[in-house]
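Letters A, B, ... are given to chains in the order of the sequence lines, protein chains preceding strands, and every chain is numbered from 1. Only this structure's heavy atoms are used, side chains among them; waters, hydrogens and symmetry mates stay out.
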Amino acid sequence: MIEFALNYAWLVPLLPVLSFLTIVFLTRPWARLSSAVAIGAMLGSFLLASSLAWGVFTNPAFIEEPLHYSLRWLGMEGFTVNAGILIDPASAMMLFMVSLVALLVQIYSTGYMKGDPHYSLFFAYLSLFAASMLGLVISSNLLQMFIFWELVGLCSYLLIGFYTYKVSAREAAKKAFITTRIGDFGMLLGILFLQIQFNTLDLLELAAVIPNFAQLGVSLGLLTLIAILFFLGPVAKSGQFPLHVWLPDAMEGPTPVSALIHAATMVVAGVYLVGRMLFLFVEVPGSLTVVAFIGAFTALFAATIAVTQREIKRILAYSTVSQLGYMMLALGVGSLSASLFHLWTHAFFKALMFLAAGSVLHALHNKADVWEMGGLIRKMPITGWTFVVGGLAIAGIPPFAGFWSKDEILLVTWEYARHGHALGYLFFAFAALTAFLTAFYIWRLIFLVFFGPEKANDHVHESPLSMTLPLLVLAVLSGVAGLIGTPWTNLWSTWIHFGDAHSGEPAYLLMLLSVVLALAGIGLAFILYCKDQDKQAARSLAKKYPALYNLSYRKYYIDEAYTWFTRKIVDGGAKVIYLFDIYLVDGVVNGLAALTKGSGQGLKYLQTGKLQTYALIFFLAVLVLTVAFNLDSANALAHLGGVK
Amino acid sequence: MAGALNPSYFVVLSAALFTIGIYGALSKKNAIAVLISIELMLGAVNINLVAFNKYFTPEAFSGQIFAIFVITVAAVEVGLGLALIIALCRRRNTTALDDLDWLKW
Amino acid sequence: MAVRQEEFVLNMGPQHPSTHGVFRIVLTLDGETVVKADPVPGYLHRGIEKLAEARTYTQVIPYTDRLDYLASMLMNWGYVQAVEKLMGIEVPLRAEYIRVIVGELARIASHLVATGAMASDLGGLTGFLYTFRDREEILDLFEMVCGSRLTASYMRIGGVAKDLPEGFVPKAKEFLKKFTLSLAEYNGLITGNEIFQRRTKNVGILSAEKAVDMSLSGPVLRASGVGHDLRKVRPYSIYPQFEFEVPLRTNGDCFDRYYLRVLEMAESVKIIEQALASLPEGPVMAKIPRIIKPPAGEVYTEIESSKGIMGVYIVSDGSPKPYRVHFRRPSFINLGYLAEMVRGWKVADVVAILGSLDIVLGEVDC
Amino acid sequence: MLENIFVSSLNWLKNLMAAVELPAPLADMLILVIKLAAILGFILINALWLVYMERKVSAFIQGRIGPNRVGPFGLLQTTMDVLKLISKEIIIPAAADKKLFLLAPLMIFVPPLAIFAIVPFGKGMAAIDLNLGVYYFVAMASLSTVIIWMAGWSSNNKYALLGGMRVVAQMVSYEMPLILSMIGVIILTGTLNMNGIIQAQEKVWFIFLQPVAATIYLIAALAETNRTPFDLVEGESEIISGPFTEYSGMGFAFFFLAEYANVLLVSVMATTLFFGGWLAPFGWTFLPSWFWFIFKVYIMVFIFMWVRWTFPRIRVDQLMGFAWKVLVPLAIANIFLTGLGKYLFLS
Amino acid sequence: MKQLQGCADMENSLELIAFFLLAGSLLTGALMVVTLKNLVNSVLSLIVVFFSLAGIFILLNADFLAAVQVLVYAGGVCIMLVFGVMLVQRKDMRESNPVNRRFLIAAPLTGALFLLIGLVAAKSPWVKEAGEVPENTIEHLAPILLRDYVIPFEAVAILLTVALTGVLLLVKEVKDNGRSS
Amino acid sequence: MFGKGLLKGMKITMVRFFKPKETVQYPEVRLPLPDRFLGKPEFYYDKCIACNQCVAACPNNVITLKTETVEKKKIVTQYYFDQQYCLFCGLCAEACPKDALKFTKDFELTQYKRQDIKLKFVNPEQVAKKKAEVLQAALEKQAAQEKQAAQEKQASADKQIASEKQAAGNEAAAGVC
Amino acid sequence: MDDISNVSKITEPVQKRILAKIAAAHPEINVSEAGHLHVPVDSLTAVMRDLKENFGFDYLSNVTAVDYLEYMNVVYDLCRVGTPYMLHIIVRIDRENPVVPSMVPLWGGALWQEREIYDLLGVIFTKHPDLRRILLDDTWEDHPLRRDYQWMSGRD
């Protein structure tokens with residue numbers, strides 16, 4: 001099995017592709033069959049991916065020497081692209097994680113999407129997304145990766161706008177697509193520059209040549225440009241600070257989509273990409289600092305927004321943005337393993353929370369305001385308690401998964417600061433504050449939704465097994481997934497690391513700090529939102545600092561700013577260009593056209609449009625030509641009829 | 001022997017049929033009539049094919065086989081032609097070919 | 001086939017094999033699909049209501065025969081019942097029994113015509129002859145009772161014209177025994193035939209609401225699932241004494257209307273059997289004055305005829321001749337909905353729907 | 001002796017012609033004309049007799065007695081009817097297309113006559129022993145469509161036009177299963193020659209080897225001859241008499257007789273294709289082959305009549321649906337299975 | 001020998017008679033097709049043309065082809081045409097097949113074309129192959145058609161299928177509500 | 001499923017094919033008619049008391065009854081029954097107190113001439129006879145001595161009959177028109 | 001016989017109760033001794049709608065009219081489907097100007113019956129969708145069921 005999986009790794013993304021095609025072309029009219037096909041394919045993928053991961057992680061050889069298959073894909077003079085697969089521990093981990101979450105989400109969706117008119121299509125999209133994501137993960141080549149990168153973007157677009165009848169969903173889909181396009185554009189430019197400069201896009205080859213950029217005659221400035229351009233992609237895809245605006249809006253899609261794409265998999269593609277390209281970033285001094293700064297800022301920034309949001313999925317979305325910032329921060333401070341470790345744990349607990357939120361919304365018929373919920377844990381015990389597990393995990397309470405990864409990030413940040421980076425302390429402060437806020441807003445959510453007095457929701461009941469089963473699985477994983485990366489049993493960083501394996505010894509103080517911060521956050525949330533039945537304190541706080549509250553609640557007016565920017569600046573610029581176009585360019589073109597038209601005007605009368613006239617002329621010509629060509633020679637007729 | 005049939009009989013017959021077909025195709029207003037005239041022309045072609053088959057390649061049967069293909073294609077042509085005419089008629093309410101000139105100018 | 005382009009008007013009738021008499025429908029067709037239908041009755045109008053005004057109460061009876069001539073007994077019955085109610089006459093019990101017997105026989109005869117005609121409208125001529133074979137036997141019985149096969153004129157105000165003749169009861173019993181077998185034959189030949197079912201099932205569907213709204217009655221109404229049979233709902237005569245079901249069908253399509261009649265025939269057989277078994281002795285005429293002069297006033301009564309609710313409205317001014325007689329003819333009112341029913345169906349379905357309505361033009365045109 | 005009564009009399013005629021030294025081509029032609037005349041006579045007499053038979057069969061099925069006044073058992077009834085019809089005035093509607101209106105009833109007998117020319121009535125008793133036999137039948141049978149349509153169209157009557165449209169739709173649709181059902185038999189025999197097909201059934205009739213094809217053939221044949229349950233073309237309770245509505249007198253009689261000629265024709269084909277043609281069953285060759293042929297044909301005709309007097313009529317859309325959705329796929333499947341069977345068992 | 005010769009003569013003259021009869025009906029039919037005023041009559045005379053054509057084929061020892069001709073043309077194409085005519089032309093069938101002004105040019109042109117081809121045909125020295133068309137054409141045709149010409153055969157089959165589908169798509173009615181029937 | 005019902009139908013018709021036939025050959029074979037059959041009406045002159053009840057009972061004015069009072073006794077001189085308008089309802093026969101009007105079993109009512117449809121039930125001899133009887137009775141009642149007067153009366157009665165005959169003839173002629 | 005009287009024993013009081021209720025709801029209605037409802041023509045539509053919608057008389061069994069030479073009556077018979085209860089409604093209208101609101105909007109069953117009355121008695125039903133002659137020829141003059149109708153010829 002393992003052998004097979006290693007040899008046929010390309011099957012992992014292929015199976016969902018097949019299911020996508022099957023559903024679209026064959027089984028679309030039969031909803032149940034479609035979902036069965038999708039889940040079957042995903043199960044196959046998952047089994048392959050898990051045995052692949054097992055194979056990779058149990059064999060130390062792979063950790064050092066990635067598996068790499070490739071074959072010639074595009075070829076032309078001076079430009080060859082090989083397509084292939086690259087399996088190293090990071091991609092193996094990603095494969096395992098993505099296929100697992102995708103599988104669980106699909107199982108969940110059979111319950112969540114039940115009765116939707118486009119049920120089959122939804123599974124087709126999920127399959128396509130899973131295929132693209134898996135393809136992205138195992139791509140050995142930047143162009144190939146870019147294609148999958150765009151494909152996941154497309155799927156994200158399709159799935160955000162899945163409820164096509166909702167205006168907000170359509171708008172959100174467009175927003176997501178356009179926003180990420182900005183980043184993708186930068187990334188494409190980066191890829192092109194790399195191709196031009198290094199004449200290869202293969203990751204392994206690039207990893208080999210980039211450190212020697214100076215010998216190849218590539219200036220540092222150019223490399224910096226490339227790195228910044230490259231970073232634009234992840235900034236957009238992973239919702240980092242200036243381009244994060246699409247991610248909360250993307251919650252208009254069905255909740256399983258949010259869980260799969262906008263929490264666990266696609267958004268972390270950016271982190272994964274930066275991690276993959278870390279060999280580029282380390283060569284450019286300062287670029288990592290930018291990454292770290294943006295990560296840290298995003299983490300705190302999003303956390304402050306999340307504190308005041310009212311919609312359950314929006315809170316989780318900002319939480320996602322914040323956690324992605326964490327991962328970026330970890331990358332920025334140079335720790336691939338910490339970043340990917342957080343990615344790994346985050347995937348489970350965030351997917352869990354999203355799915356649980358979906359379960360809540362499902363039960364409440366899409367009433368999303370957390371203030372209108374309450375006491376749901378009694379009616380939906382499985383959903384509630386799994387959410388609590390997720391909350392503990394994200395808040396960083398040991399031994400839940402989040403604790404270990406977050407602790408790791410704090411640790412590497414701290415060490416980064418300790419190693420002479422002045423900004424490091426700022427980052428650390430940001431990270432710590434974020435940790436506190438994270439615990440606070442998540443538990444605010446939990447207390448509001450699941451505890452406290454029950455609101456008038458008589459008909460609420462637990463979701464079906466197809467929805468609760470993935471929750472339970474994810475809850476278990478949220479509990480234990482971090483245990484492979486504890487400071488004592490640090491399997492993780494022996495598997496995944498950039499440069500030397502980080503050999504951390506447990507920093508008990510930091511752990512303590514982290515736990516204290518988390519507990520403080522939870523405690524504050526408890527005081528404000530659970531103990532205080534009327535939430536008077538919370539309300540009065542909001543009243544007391546309206547500016548702060550509004551700033552947070554209005555998401556720092558970033559959307560408004562963007563709107564203003566596009567309205568005034570972009571449109572203004574466009575107007576100038578427009579004038580230029582209509583007067584100068586069009587003038588020339590129209591002049592040419594008028595000339596052509598004028599000549600055509602005179603000739604058009606030859607075309608009568610009458611078919612038979614043409615035929616008449618045609619036959620006339622045949623007759624004339626026959627006679628003309630044959631009458632000149634003496635024995636023309638005999639020649640014409642000369643049949644032997 | 002004067003009496004015996006030779007290919008020229010058939011060629012002349014075919015020529016007559018063909019020219020009648022051409023005349024029809026060129027001079028009829030109704031699209032279906034034009035289609036019919038084209039069938040006449042194809043029939044003329046078939047006469048030639050079969051006659052030449054008989055007189056020049058009796059064993060090879062190429063002429064007959066080509067005639068079969070011609071008949072088949074002619075059937076296809078009539079079907080498609082009629083379908084087009086019906087579709088046109090639904091849209092434009094005319095079957096006169098001269099009225100189908102809205103691509104001119 | 002899609003012969004689209006122009007709709008064309010097809011004048012079906014007044015002489016057409018399947019209009020069940022002189023009746024005309026002007027169909028506007030799109031290909032073979034009916035776009036619009038305009039029924040034109042009146043070719044058999046004889047002014048019976050006007051004629052009745054010039055006749056004495058008794059003399060009207062032969063004219064009622066000529067309404068629904070397929071079930072003239074029931075027409076007689078409806079009329080005499082109205083006059084009896086107007087005058088307050090109590091009918092002797094034996095007469096009531098005889099009325100029930102001949103009435104139900106007439107219902108069977110009428111349904112037999114409907115059943116056979118339905119089959120022949122759909123092209124199965126043999127079914128038509130089979131039902132007529134059995135109808136002949138009923139007509140023989142009528143002939144025995146009153147001397148006429150079709151236009152019975154058997155009922156009189158206050159009873160029936162004559163007592164049952166010698167040998168009627170055994171002959172009727174024999175017929176009923178035979179008829180049960182015949183019913184199985186119809187079911188085998190017509191009802192069970194897949195082609196027949198294809199032609200009639202889900203064709204000309206009539207909803208219960210629409211049926212009530214359009215005042216439809218009889219098997220047409222009951223085939224849509226409305227259990228409005230006056231014999232049960234507003235029992236007259238001695239119907240409460242008999243045990244029988246009112247068959248109901250729910251789809252309201254042509255097949256249901258057809259099959260309901262077959263089921264009703266079986267129920268009628270039950271009623272007749274019971275009546276024959278418990279036929280009392282006694283007079284068959286009530287004591288009535290020689291000249292029938294009902295008191296001034298008006299009355300409206302209804303009976304359940306084979307086609308539906310047969311209502312009679314009589315206004316009396318105290319003279320020996322009725323001042324006004326009006327017959328509520330079920331066929332006439334049932335036919336009023338035909339134009340709506342056939343819209344959107346094929347020409348062949350028009351025939352099936354018309355056949356399933358079971359109209360008699362004598363009744364429609366009055 | 002009985003077996004060869006027709007063949008030997010023809011031979012005698014041939015010898016006679018040779019004796020008077022008629023040129024051979026002329027003699028052949030004369031013989032052919034005689035044969036065709038005999039066939040025409042056969043068709044007409046049979047058509048007359050079949051009308052009588054139909055009336056008797058329907059009467060018996062319906063518990064009646066049927067014609068019994070003219071001649072013994074009413075045998076001369078249809079003859080008299082035809083005589084009466086001949087004596088009637090031919091009415092041409094004012095708006096009709098006169099030429100076509102008159103041409104149609106005359107033409108209606110052409111396809112059956114042309115086809116009967118190749119039918120083997122007994123051992124060696126085909127007027128023309130055509131190699132293309134079955135194919136020729138198919139080609140010719142498709143013609144009556146146009147003729148009936150011609151009658152419907154030229155009448156300039158709405159019922160007739162509806163009937164004409166129905167005839168085209170119906171006969172074109174049912175030609176498909178008809179031809180496809182024959183192909184199974186042709187695959188088994190490997191010949192299109194009707195004599196060849198009959199001789200191939202020496203051991204076992206094809207009804208047993210090709211039951212599905214036979215059923216399809218019988219159904220399609222019912223439709224091709226416009227008989228109940230597929231008599232939509234006439235559909236007397238819907239469109240009066242379809243294309244024949246405006247015809248009276250002799251024109252009507254022609255159509256009426258042609259219907260029976262067609263019935264006879266499809267029965268002949270059924271007998272040839274599936275019931276062993278003139279082969280005697282159980283080896284009862286003490287009766288001549290032509291007797292067996294006629295006997296089987298009449299059995300088939302009786303079945304057609306029996307069906308007609310039992311079933312109601314199908315509706316237009318159901319008719320088309322039945323042909324295209326049931327019969328054609330079934331026939332194609334049958335061809336496939338036959339081919340497979342032949343490949344497996346006979347090669 | 002003389003007897004035989006006479007026989008052959010007879011045969012030849014019979015063939016000639018047959019040819020002229022068939023050619024006569026063929027050309028008459030064809031002329032009727034292009035001259036008759038009523039389109040339906042034109043189509044019906046087309047059947048006459050096709051039948052005569054089938055006769056000519058039989059004269060040319062192509063009996064299978066003749067049968068194909070009758071089946072496909074007379075049985076299929078003509079019915080299709082008749083139906084097409086009914087579908088597109090509902091009012092005033094009498095004047096449904098008019099001639100346009102172009103016939104003034106077309107008539108002499110086609111006459112000239114006929115003369116040209118006729119001249120060529122008459123003057124050509126036809127060199128006849130010695131062989132004869134075998135009696136049983138179908139047995140000879142089948143292997144050629146299904147072996148040597150199998151690819152064109154299949155191509156034509158596909159063409160037929162595609163054309164049928166196309167016809168269906170073209171003629172499929174689009175109802176007012178946008179759904180096709 | 002499909003085909004079972006069809007086969008059942010075919011079985012039924014096949015069974016019928018061999019069963020005895022229902023119809024009979026009419027002129028040769030006639031089915032027995034019930035006693036109450038309403039066929040051609042028949043009038044028993046002798047029973048009639050000229051009460052006019054049948055005329056009153058008829059819904060359609062089919063019956064015309066002409067009477068003459070002889071010796072204070074009504075004598076039917078003519079009884080027309082206009083059969084073409086008769087509904088055969090039997091009300092007249094029912095109304096008759098003396099059973100003088102009855103319907104027979106004769107149902108072959110077609111006539112080649114229209115005037116034959118109008119039935120005339122009374123022939124002059126009957127009237128004469130009846131009159132004679134009445135007169136006889138009157139005579140017997142009266143004294144036998146008034147022979148002379150009776151003779152005169154007889155003569156006048158004969159005349160009356162003659163004129164009646166003529167009138168009937170005229171009427172028949174009018175019927176033809 | 002007992003059974004029948006039993007039936008009427010049950011139904012008659014109920015029928016009376018219904019009549020009383022209707023009379024209470026519509027004071028303009030005059031209930032006659034025989035249980036007939038005399039409704040003024042002005043309030044006919046309202047009363048009928050009320051009877052249909054609130055009293056459940058959903059089945060218009062019969063419509064006819066009588067000519068009394070001085071005036072005309074239009075007569076409606078309503079019933080409840082599945083029950084024995086019936087109403088007999090009489091509307092007196094002017095003979096010279098015989099106009100009555102059509103019941104077709106309430107009961108489609110009036111469609112042909114009202115046409116018949118129009119045909120034979122000349123009553124005009126306002127808002128009837130298709131008020132044409134139905135039994136008689138379109139060119140027929142006058143309305144034969146009126147008492148003063150003179151017919152040209154015939155036996156009666």
Colleague: Heavy atoms only, distances under 4.5 angstrom: which of C/Pro165, C/Ser148, C/Gly167 has the most pairs with chain F? Name it, please.
Modeller: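 Winner by heavy-atom pair count: C/Pro165.
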Colleague: With a 4.5 Å cut-off on side-chain heavy atoms, are C/Pro62 and F/Leu91 touching?
Modeller: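 Side chain of F/Leu91 against side chain of C/Pro62, heavy atoms only: contact under 4.5 Å found.
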Colleague: Which one, C/Leu189, C/Asn187, C/Ile190, leads in non-hydrogen pairs under 4.5 Å with chain F?
Modeller: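 Most heavy-atom pairs within the cutoff with chain F belong to C/Leu189.
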Colleague: Under a 4.5 Å cut-off applied to non-hydrogen side-chain atoms, are F/Lys8 and C/Asn193 in contact?
Modeller: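 They are not in side-chain contact.
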Colleague: For F/Leu6, does its backbone N or O pair with a side-chain atom of C/Glu194 as donor and acceptor, under 3.5 Å?
Modeller: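 Yes, the answer is positive, given that a donor and an acceptor are paired below the 3.5 Å cut-off.
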Colleague: If you count the non-hydrogen atoms of other residues, nucleotides and ligands that lie under 6.0 Å from NZ in F/Lys98, is the total more than 12?
Modeller: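 Open: at most 12 neighbouring heavy atoms sit under 6.0 Å from NZ of F/Lys98.
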Colleague: Kindly say whether C/Cys146 contributes a backbone atom to a donor-acceptor pair with the side chain of F/Arg36 at under 3.5 angstrom?
Modeller: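 Checked: no pair found.
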Colleague: Measuring from C/Arg149:CZ to F/Phe88:CZ, what's the distance to the nearest 0.5 Å?
Modeller: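 Reported to 0.5 Å precision, the distance equals 15.0 Å.
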Colleague: By a 4.5 Å heavy-atom criterion (distance strictly below it), what part of F/Leu33 contacts chain C: side chain, backbone, both, or neither?
Modeller: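 Interface part for F/Leu33: side chain.
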Colleague: Is the shortest heavy-atom distance from the side chain of F/Asn60 to the side chain of C/Tyr63 under 4.5 Å?
Modeller: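 Side chain of F/Asn60 against side chain of C/Tyr63, heavy atoms only: contact under 4.5 Å found.
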Colleague: Under the salt bridge (Lys or Arg N to Asp or Glu O under 4.0 Å) criterion, do C/Lys162 and F/Glu94 qualify, and how do the steps go?
Modeller: CA-CA 10 Å; C/Lys162 294 173 184 121; F/Glu94 213 171 287; 5.1 Å; no
Colleague: Do the non-hydrogen side-chain atoms of C/Met144 and F/Phe37 ever get within less than 4.5 Å of each other?
Modeller: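 Result no, sub-4.5 Å side-chain heavy-atom pair not found.
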Colleague: Which atoms of C/Tyr130 come close to chain F, meaning under 4.5 Å heavy atom to heavy atom: side chain ones, backbone ones, both, or neither?
Modeller: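 Only the side chain of C/Tyr130 comes within 4.5 Å of chain F.
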Colleague: For F/Thr13, which atoms come within 4.5 Å of any heavy atom of chain C: side chain, backbone, both, or neither?
Modeller: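 For F/Thr13, the contact with chain C is made by backbone and side chain together.
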Colleague: Using non-hydrogen atoms and a limit below 4.5 Å, what part of residues 131-143 of chain C faces chain F?
Modeller: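 Those residues of residues 131-143 of chain C which have a heavy atom under 4.5 Å from chain F are C/Arg133, C/Glu143.
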Colleague: Would you find more than 12 non-hydrogen atoms of other residues, nucleotides or ligands less than 6.0 Å from C/Glu174 atom CD?
Modeller: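 Not more than 12 within 6.0 Å, no.
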Colleague: Quick check on C/Thr58 against chain F: is it the side chain, the backbone, both or neither that has a heavy atom closer than 4.5 Å?
Modeller: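 When you check distances to chain F, atoms from both the backbone and side chain of C/Thr58 fall under 4.5 Å.
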Colleague: Could you give me the CA-CA distance, side-chain angles and deciding distance for C/Leu129 and F/Arg16, then say whether side chain to side chain contact (heavy atoms under 4.5 Å, CB included) is met?
Modeller: CA-CA 12 Å; C/Leu129 277 127; F/Arg16 273 284 155 196; over 6 Å; no
Colleague: Are there over 12 heavy-atom neighbours, none belonging to F/Gln25, within less than 6.0 Å of that residue's CD?
Modeller: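 Buried by this count: over 12 neighbours within 6.0 Å.
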Colleague: Who among F/Lys11, F/Lys105, F/Glu22 has the most heavy-atom pairs with chain C under 4.5 Å?
Modeller: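 Most pairs with chain C among the choices: F/Glu22.
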Colleague: State the CD-SG distance between C/Gln59 and F/Cys58, to the nearest 0.5 angstrom.
Modeller: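 Nearest 0.5 Å value for the CD-SG distance: 7.0 Å.
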